[in-house]
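First the structure, in the form of C-alpha cells, and then the observations on it.
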Amino acid sequence: MHDYSIGRVALILGLLQAVGPFAIDMYLPGMPSMGHELQASATSVQLTLMAFFVALGFGQLFYGPLSDMLGRKRPLIAGLALFGLASIGCALAQDIETLILLRFIQGLGACAASVIPRAVVRDLYTGHEATRMMGLLMLVLSVSPILAPLAGSLLIDLAGWRSVFWAITGVAAIGGLLSTLGLKETRPREQRTQSSWSSAFSGYALLLRDRHFLAMVLIGGLGMAGFMVYLANASFVLINHYGLSARQFSLAFALNAAAFIGAAQFGPWLSRRFGMARLMRASLSGFALSMLGAALSCWGGLPPLATLIGLLFVGYGCLGLTLPGVSVLAMDRHGAIAGTAAALMGSLHFAVGALAMLLVGWLGSGQPLAMLLGIAGCALASWALGLAVLTGQRQAALTDV
C-alpha cells in the first residue's frame with residue numbers, strides 16, 4: 001500500500017504537526033517585551049494570540065474537505081507557504097495592528113499542517129500501524145508545549161522576540177521542502193470525485209443537531225478555554241507581577257504542560273478501571289476545585305508563587321485526564337464521519353476559547369485576579385455541564401465506552 005518507511009513518514013508528519021504548537025508556544029515568553037517595543041497594551045498583544053486561535057479553528061472546517069477534493073500535497077504545501085510568508089511579515093511588523101492581521105493569516109496557513117497530516121495517516125495505514133503512527137504524532141505534540149517556550153526564551157534572550165518568527169519561518173521552510181520531496185500524494189485522483197463541499201457541510205449540519213455531541217464538545221471547549229486564558233495571560237502575570245525572567249517563565253509553563261501531558265497518559269488505564277463517566281466526573285471536579293482555589297487565593301492579594309504553580313499543576317493535570325475522554329465520548333456515535341467530527345470539535349473548542357480570552361481581557365488583561373477568575377469560571381462551567389450530562393441514565397450508557 002505504501003513504499004516508504006513508517007519512520008520517515010513519522011519524522012515528516014511529526015515536524016508538520018509541530019508547526020502550529022511552536023507558533024503558539026515559542027513566542028509566549030516574549031509577549032511582554034513585544035508590547036513594550038510596539039507600544040501596545042496587554043490586551044492588544046493578547047489579540048495576536050487570539051487571532052491565531054480563531055484562524056486555526058476556522059480553517060479546520062475547510063482544509064479537511066479541500067484535501068479530500070484536491071489531494072493532500074497541494075493544500076499542504078500552499079498552507080505552509082502562506083504560514084511562512086505570514087511569519088516573515090510578523091518578524092518585520094512595526095505596529096500591533098499589522099501583527100494581529102498577520103497572526104490571523106499565519107493561523108490559516110498553520111491549519112494545513114494540523115489537519116492534513118492526520119488525513120495522510122488514514123490514507124497510508126490501518127490497524128496497528130495507524131495506531132503506532134498516531135502515537136508518534138501525539139508524542140511530538142506532547143513534547144512541543146514543553147520545548148517550544150524554552151527554545152523561545154533562549155532566542156528572545158539572544159536576539160529579541162522577532163527572532164522567534166524567523167525561527168518559525170525556518171521550520172515552515174523545512175516542512176515544505178520535506179513535504180515536496182519526501183511525501184507522495186496519498187489520495188488518488190479517483191477517490192477525490194467522491195468528495196464535495198456539500199457532503200462535508202451535510203456532515204457538519206448533522207453534528208450540530210446532535211445534542212450529545214454538542215454537550216461533550218462544550219465540556220471540552222470550556223476546559224480548553226481555561227487553558228487558553230492561561231496561555232494569553234500567564235507571561236504578563238508571571239513576568240510582570242512575579243518578576244520571573246523569560247526563561248523562568250518558560251520553565252513554569254513547561255511544568256504545567258508536563259502535568260497536562262503526564263496525566264493524559266493514565267487516562268486509558270483509569271477509564272478501564274473506573275469507567276469513562278466516573279473518571280470524567282472526578283477529573284472535572286478536580287479541575288474545578290483546583291482553579292477555584294487558585295482564584296480564591298488571589299482574592300486578597302498576590303498568592304505565593306509556589307501556591308499558584310502548585311494549584312495550576314493539579315488543575316491542568318486533571319484537565320489532561322478530561323479532554324481525551326470527552327473527545328472519545330463526543331465522536332463515539334459518529335465513526336463514519338470521524339474526520340468531520342474532529343474538525344468541527346476543534347473549531348468549536350477554539351471558538352469557545354477565543355470568547356473566554358475576550359471576556360478575561362475585558363476584566364483586566366494580564367492581571368492575576370482576572371486571569372484566575374477566568375480560568376475558574378471556565379472550569380466551574382465545564383464541571384457543572386459535565387455533572388448534568390454524565391449522571392443518571394447517561395452514566396449507564398457511557399460508563400463502558
Side-chain angles (χ1 to χ4, degrees), residues 13-14 16-25 49-68 72 75-76 79 83 103-104 106-122 134 137-138 140-142 144-145 197 200-201 203-208 210 212-232 260-261 264 267 319-320 322-357 378 382 385:
L13 297 185
L16 294 173
Q17 287 266 277
V19 166
F22 266 71
I24 294 168
D25 298 327
L49 186 61
M50 191 185 74
F52 189 91
F53 279 134
V54 169
L56 203 59
F58 177 76
Q60 287 188 51
L61 296 175
F62 295 93
Y63 271 108
L66 194 65
S67 72
D68 286 343
R72 309 305 186 199
L76 175 59
F83 177 87
R103 282 287 282 174
F104 181 83
Q106 191 187 42
L108 290 177
C111 281
S114 175
V115 173
I116 294 176
R118 295 197 296 269
V120 171
V121 172
R122 291 196 298 271
M134 290 304 296
L137 296 188
M138 288 304 299
V140 174
L141 284 176
S142 298
S144 59
W197 289 113
F201 288 113
Y204 293 142
L206 174 68
L207 292 164
L208 289 171
D210 185 337
H212 168 81
F213 174 81
L214 291 177
M216 292 298 151
V217 168
L218 189 54
I219 292 169
L222 287 165
M224 274 296 297
F227 191 65
M228 289 168 67
V229 167
Y230 177 72
L231 283 177
F260 183 94
I261 295 159
L319 184 62
T322 301
L323 290 183
V326 169
S327 298
V328 169
L329 294 178
M331 295 196 294
D332 181 56
R333 304 175 183 179
H334 299 288
I337 52 171
T340 302
L344 182 60
M345 180 167 59
S347 296
L348 293 176
H349 281 181
F350 283 120
V352 174
L355 180 60
M357 290 165 65
C378 292
S382 182
L385 182 58

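Judged by distance alone, with hydrogens and angles left aside, the side-chain atoms of Gln106 form no donor-acceptor pair with the main-chain N or O of Phe83 at under 3.5 Å.
Partners of Ala215 by side-chain contact (heavy atoms from CB on, under 4.5 Å), not counting sequence neighbours, listed by chain and number: Val389. For Phe58, the side-chain contact (heavy atoms from CB on, under 4.5 Å) criterion is met by Phe62, Leu108, not counting sequence neighbours. Applying the ring-ring contact (aromatic ring centres under 6.0 Å, His included) criterion to Tyr230, with sequence neighbours excluded, gives Tyr316. Leu218 is linked by a side-chain contact (heavy atoms from CB on, under 4.5 Å) to Leu222, Val352, Leu385, counting only residues two or more places apart in sequence or in another chain. Under the ring-ring contact (aromatic ring centres under 6.0 Å, His included) criterion, Phe350 pairs with Phe53, not counting sequence neighbours.
Taken from CE in Met228 to CD1 in Ile24, the straight-line distance is 8.0 Å, to the nearest 0.5 Å. In this structure, CZ in Phe213 is found 9.5 Å from CG in Leu206, a value given to the nearest 0.5 Å. Interatomic distance, OG1 of Thr322 versus CD1 of Ile219, reported as 9.5 Å (0.5 Å rounding).
In terms of heavy-atom proximity, Ala55 sits nearest to Phe104 at CB-O, 3.0 Å. Heavy atoms only, all atoms of each residue included: Arg103 and Ala23 are closest at NH1-O, 3.0 Å.
Between Leu208 and Leu344, the closest side-chain pair of non-hydrogen atoms falls below 4.5 Å.
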